[in-house]
Structures are given as structure tokens and as C-alpha cells.
Amino acid sequence: MSDRIVRAHVGIGSPVTGTALVASDDFSARYDLDRVEGVFSRPAHKLCGESYVGRVLVLNTAKGGVATAWMLYEMKSRGMAPAALLLNAANPIMAQGAAMADLPFMDRFETDVTAAIKTGDKVTVDPVAGTVTIHG
Amino acid sequence: MQLTDHEQAMLAGEFGEPRKRALEQQIKVGRFFDAEDFVEIAQVHLMADTESLGEAGVAWLEELASYPEEERRVRVPTVTDPRGVDFDAYKRLGQQESWAVLEQRAIDAFTAMNFLMTDTCINYQTIFPPAFGEHVAFGDTGSTIYANSVCGARSNFEGGPSALAAALTGRTPRYGAHLDQGRKGTHRFFVKDRPQTLSDWGALGGVVGRATGSYWTVPVLEGIEGSPTSDELKHFGAALASFGSVPLFHMIGVTPEAHDLGDVFDGPMPDPKAIGRADIDAFYDGFGLHEDGVDVVVFAAPQQSLVEMQSLAGLLKGRKISDKTTLIAATSPEIKSACDRLGLTATIEEAGGIVLKGVCFYQMYAREIGEANGWKRLLSNSAKLVNIIAGYGYEPVLAPMEACIDAAVAGRMSK
């Protein structure tokens with residue numbers, strides 16, 4: 001199989017390659033995560049129980065209040081952050097948090113990114129070029 | 001992004017390392033949202049409670065605060081959102097000593113940067129209300145939506161790091177609610193029955209928020225005859241921002257950018273969705289009742305205005321709160337001083353209530369204080385609070401202020 005490329009808006013952070021963890025749910029660091037253990041903890045979330053540490057996390061939209069902006073930095077400083085975060089639609093809070101944490105972050109894909117990428121796919125995220133390469 | 005000569009100099013480090021770093025961070029966000037340039041801002045409201053900051057966030061602040069004074073001082077008036085600890089009450093609430101230590105470290109860092117420690121989410125009512133058309137950087141969803149919608153000022157949601165960057169550079173990337181185009185209506189609602197109580201206004205905000213549900217939507221409401229009060233608009237906006245992540249609404253004939261529908265819609269308008277009393281009642285019903293007992297009754301989120309504190313004291317005067325129930329009212333340090341001076345604090349405390357200053361229930365380690373005090377069944381007249389607090393292990397119920405007080409006295413709700 002050959003590589004596939006999905007295009008998006010130019011993002012934040014530097015290129016990174018990792019293994020995807022995907023769901024069609026939304027994302028808030030405050031409401032969805034056990035940030036100490038590095039796992040999804042909200043029972044209603046499809047990824048509940050899954051570790052997001054070091055994964056390329058792919059979800060639908062950003063939700064929740066302003067606290068997430070601080071939390072991405074705090075998670076990264078303990079080595080307990082995802083490798084990258086890809087959303088169909090961001091809000092200012094998530095972008096501001098990614099900018100502070102220098103976490104690779106992209107949104108506004110040409111297609112539903114939660115359908116284009118599957119859990120376990122090896123992907124290269126390039127926020128500078130605005131592309132995600134799914135390795136075949 | 002297009003940068004002015006002054007911004008180029010800032011980026012080159014001519015005004016010190018903190019401002020350089022702040023501008024670099026803002027450029028990343030500006031590029032992400034296709035901002036063409038920066039806009040100068042008049043004031044900043046910063047959300048930075050220690051529960052969100054953590055040890056890493058506080059250490060980051062301390063590093064910034066260690067630069068020479070001319071490099072670390074904020075450039076515009078900068079006020080703070082509620083903190084995690086009320087130093088006069090934290091022991092009584094079962095809060096840990098380590099949280100108070102972390103809190104003091106954060107306060108010392110902010111003070112070194114020349115912040116005004118106002119510790120309030122109702123800065124638009126009590127400190128320095130923004131003026132029409134003023135660009136600001138506000139960092140609490142409730143204060144942002146009020147500034148945008150009711151004052152006609154212009155702000156995006158600025159999370160802690162972003163609001164701090166804006167305070168250091170005196171500007172913010174021009175996108176979203178700073179642009180005329182970002183302030184146009186996207187959804188239309190017709191309010192058939194005027195909300196009666198503050199919790200009704202919050203419920204209306206919840207209903208509209210659930211029907212919009214994205215940062216990039218702007219709901220427009222028709223049908224409200226005569227201006228609501230500042231507290232009514234506060235509860236409506238805070239709930240709308242909480243349930244819908246929405247930073248801006250227009251109310252035709254009420255808010256300053258919406259004299260008529262033509263002001264807020266370009267081209268064809270969407271059909272209005274009607275909201276009536278049945279929708280508001282259904283919203284309350286979604287949270288149920290606490291007929292078997294109430295552990296804690298909370299008036300907060302947003303903090304109480306002086307007028308709300310007077311209402312609370314009036315309802316509690318001469319009554320006694322059940323010993324099975326804790327009643328908490330949270331307000332700003334300024335309003336608390338006024339309540340002390342006017343005898344309102346004494347009236348609430350004589351009834352057995354607790355008045356907290358500079359904190360807001362959900363930002364003060366709500367999960368841990370719930371566990372320490374055995375609080376689970378929570379009652380509030382704040383739609384915003386009942387939305388947030390379930391995530392902290394509580395069973396929240398929404399009711400008007402009068403019903404909340406009756407339940408606090410009886411120790412349980414009645415139908």
C-alpha cells in the first residue's frame with residue numbers, strides 16, 4: 001500500500017510521526033482526561049480507558065472552558081502529552097494552549113479527519129505544510 | 001502576519017525576553033486563525049487558578065516574574081479571575097495547605113508583573129466595564145460573552161497563557177470577534193415567554209447554547225421587550241457560553257449592535273426557532289429534584305453581584321439553615337467588603353451561611369472539597385454551575401434563588 005496525504009489548514013508546532021488514536025468524539029483536557037495517569041477517564045467518551053501519551057490524537061471539535069489552555073503545557077512538562085492533536089474544528093483556547101506548549105496541532109481538514117485516519121495508523125503530522133501523511 | 005515596526009522590535013527582543021516570547025506565541029495563534037495583523041487592547045482579564053496551572057504553570061509564571069521590572073511589567077491594566085483559595089476560609093472548607101502555598105506563589109508572581117489581583121469573574125460589573133467598540137483580551141467565558149454582547153466591546157476567549165501574552169505585548173491577533181464579520185448572526189431564536197428569575201435566564205442560555213454549540217456561531221434573540229437587568233444578562237450569557245462555547249450573542253432591541261435584524265444579518269436570514277416556557281421547564285426537569293436531601297447550596301458561577309447578595313440576605317434574614325446542609329455564596333473581594341460594611345455578610349452568617357471572596361465554586365478544587373465535606377447533592381440557581389459541576393462528582397439540580405433558600409432551611413427540596 002502507498003502513503004495517503006490529507007490536507008488541512010496550516011497548524012502549530014513542528015512535524016512529528018506517531019501512531020494514531022482516533023474517535024469521532026469532542027475533546028476537553030479538563031473534562032475528558034485523567035491527566036495524572038495519562039488516560040481518557042470520562043465514562044461517556046469512546047476512548048475511556050485508553051492512554052493518549054505519545055499518540056497522535058484525532059478527535060472532532062474542541063469543547064469546554066478556558067482551563068485547557070494551561071493544561072496542555074502542564075501535561076507536556078511531565079512527558080504525559082499526546083505527540084500531536086488533530087481536530088476537525090479548533091477553538092481559540094485549544095490553539096492558544098498548543099502555542100504555549102509547542103504541541104503539534106492542526107484543524108480544518110479537507111475531509112472528516114476522524115474518518116480518514118484509523119486507530120493504529122502510522123502518521124506523519126506536518127503543521128508547517130498543512131498535511132498529514134498516513135503511511136501504508 | 002503583518003507586523004508594525006514596534007512589533008518587529010518586540011520580536012527582536014528590544015523590549016526584553018518576556019515580551020518577545022509572548023509575541024512569538026501570539027503570532028503562532030494569529031497565523032493559525034489567518035489574522036492579518038494585531039489589534040491594540042485596552043485591558044486584560046486573566047484566568048489562572050492554580051488548579052489549572054498546576055506546579056508547572058506556577059513555575060513558568062515565576063520564571064517570567066524573575067526578569068527585570070521594565071521587562072516583566074504588563075502594558076495595560078490586567079485584572080484576575082477567581083483564585084483557587086480564599087485564605088480566610090480554606091481550612092474551614094477542608095482545602096489542603098499545599099494548595100494555599102501554590103496559590104501564594106502564583107499571587108507573588110502576578111504581583112511582580114503588576115497585575116491587579118481582583119479575583120473576580122464579574123469584572124464587567126464591579127471593576128472596569130469595557131466601553132463600546134473597545135478591543136480587550138478577556139479570559140473567562142462569562143466575562144468575554146458579557147463584554148462582547150452587552151458592552152459591545154471586542155474579545156475572543158483568551159485562555160490564561162494567551163491573556164498573559166496580550167498583557168505583556170498590549171495587543172492580540174485580530175481574528176474572530178475582533179472583526180465585523182465575526183460578529184454577524186448565524187442562528188435566530190424567538191423567545192415567546194420572558195424568563196422570570198435569574199435561573200430562568202440561565203436556563204434560556206442553556207437552551208440556546210445546546211442549539212448552537214460552536215465557538216464560531218453567533219445566536220440572535222428576538223422577542224425580549226424591555227432591557228433585562230445586568231444580573232439577568234450575566235446569568236444568560238454565562239450559561240450560553242458554558243453550554244454552547246459561544247463568545248457573543250445579540251438581543252434585538254437590547255444589545256448595542258442589534259437595533260434590528262438588519263444590523264446583525266448579512267443577506268438571507270435563517271428561520272427563527274421558537275423557545276417557550278415548556279422549553280425552560282424541560283431544561284430544569286433535566287436536572288431533577290433533591291427531595292431526599294441537599295448537601296450543599298451554592299450561589300456562584302458567576303460570582304454574586306451586590307444586588308444578588310442583598311437578595312440572598314433578605315431571603316435568609318431571621319431564618320436558620322439546616323445543619324444537614326451547607327450554604328455558600330461566592331463573590332469578589334470588593335463586593336465582600338461592601339457586604340461587610342452594609343451588614344449583608346452578618347445576616348447571611350447569622351442564618352448559618354458561608355460568604356467566600358475571590359473564589360468561584362468550580363475553580364476551587366471542587367472535587368476534593370466535595371469529598372472532604374461529604375457534598376454530593378448540590379443545588380444552585382446557576383445554570384452554568386450545574387453544567388460544569390457534574391464532571392467533579394456532584395449531582396447538581398437547578399432551582400430559583402427562593403427555592404434554593406427554602407431547601408437550605410428545610411435540608412431538602414419539596415416539589
Side-chain angles (χ1 to χ4, degrees), chain A residues 8-14 26-36 41-45 60-81 87-108 127-128 130, chain B residues 21-22 24-34 46-61 81 138-142 144 155-166 172-173 175-177 213-216 241-242 244-245 247 362-363 384 387-388 390-392:
Chain A
H9 193 277
V10 167
I12 286 169
S14 309
D26 297 336
F27 180 63
S28 159
R30 178 168 249 176
Y31 301 135
D32 293 335
L33 306 183
D34 181 330
R35 289 174 284 124
V36 177
S41 60
R42 194 166 58 85
H45 204 286
N60 184 38
T61 67
K63 66 177 166 62
V66 297
T68 296
W70 289 115
M71 288 174 178
L72 295 179
Y73 176 81
E74 194 275 335
M75 287 154 63
K76 200 170 171 196
S77 74
R78 287 184 291 114
M80 297 295 276
L87 300 175
N88 278 318
N91 66 3
I93 298 301
M94 208 62 78
Q96 293 157 4
M100 180 194 186
D102 209 16
L103 181 80
F105 179 58
M106 288 169 65
D107 84 332
R108 286 162 284 173
V128 182
Chain B
R21 265 194 242 160
E24 285 171 350
Q25 191 180 304
Q26 290 184 300
I27 289 171
K28 287 187 204 171
V29 176
R31 283 190 183 141
F32 189 82
F33 289 117
D34 300 316
L46 182 106
M47 185 273 192
D49 62 85
T50 40
E51 188 191 338
S52 307
L53 281 166
E55 168 67 33
V58 172
W60 183 84
L61 287 175
D81 210 33
F138 275 17
D140 174 293
T141 61
T144 305
S155 180
N156 287 311
F157 287 170
E158 300 267 10
S162 179
L164 182 54
T172 194
Y175 68 92
S214 148
Y215 186 79
W216 311 104
S242 177
S245 295
Y362 72 98
Q363 289 173 324
K384 173 176 177 166
N387 184 35
I388 294 173
Y392 290 82

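Everything quoted here is computed from the prediction, not taken from an experiment. Every heavy atom of this structure was used, including side-chain atoms; hydrogens, water molecules and symmetry mates were not. In the text below, chain A, chain B and the rest are named by the order of the sequence lines, each starting its count at 1.
- A165(B) does not touch chain A: none of its heavy atoms, backbone or side chain, sits under 4.5 Å away.
- Heavy-atom pairs under 4.5 Å with chain A peak, among S162(B), A56(B), P161(B), at P161(B).
- For chain B, the option among R108(A), M94(A), M106(A) with the highest count of heavy-atom pairs below 4.5 Å is R108(A).
- Counting all heavy atoms, side chain and backbone alike, G160(B) lies closest to A69(A) at N-CB, 4.2 Å.
- Separating the CE atom in M71(A) from the CD atom in E51(B) is a distance of 6.5 Å, to the nearest 0.5 Å.
- Counting non-hydrogen atoms of other residues, nucleotides and ligands closer than 6.0 Å to CZ of R31(B) gives a total of 12 or fewer.
- Highest contact tally toward chain B, considering only H9(A), R42(A), E74(A), is held by H9(A) [criterion: heavy-atom pairs under 4.5 Å].
- The most heavy-atom pairs under 4.5 Å with chain A, out of Q363(B), Q26(B), E24(B), E158(B), come from E158(B).
- By number of non-hydrogen pairs under 4.5 angstrom with chain A, the leading residue of N156(B), N387(B), I27(B), D34(B) is D34(B).
- Neither the backbone nor the side chain of E55(B) comes within contact range of chain A, judged by heavy atoms closer than 4.5 Å.
- For K28(B), the side-chain hydrogen bond (donor to acceptor under 3.5 Å, both in side chains) criterion is met by D102(A), not counting sequence neighbours.
- Looking at V66(A) and T141(B), their side chains come closer than 4.5 Å, going by heavy atoms from C-beta outward.
- Counting heavy-atom pairs closer than 4.5 Å to chain A, the top residue among Y392(B), W60(B), Y215(B) is W60(B).
- Closest approach of G159(B) to Q96(A), counting heavy atoms only: N-OE1, 2.7 Å.
- Residues meeting the ring-ring contact (aromatic ring centres under 6.0 Å, His included) test with F32(B), sequence neighbours left out: F105(A).
- Contact of S77(A) with chain B is made through the side chain alone, with heavy-atom distances under 4.5 Å.
- With a 4.5 Å cut-off on non-hydrogen atoms, A98(A) does not touch chain B at all.
- Counting heavy-atom pairs under 4.5 Å between each of A99(A), G97(A), P92(A), A95(A) and chain B puts P92(A) at the top.
- Of the possible polar contacts, one joining the W70(A) side chain to the M47(B) backbone as a donor-acceptor pair under 3.5 Å is found.
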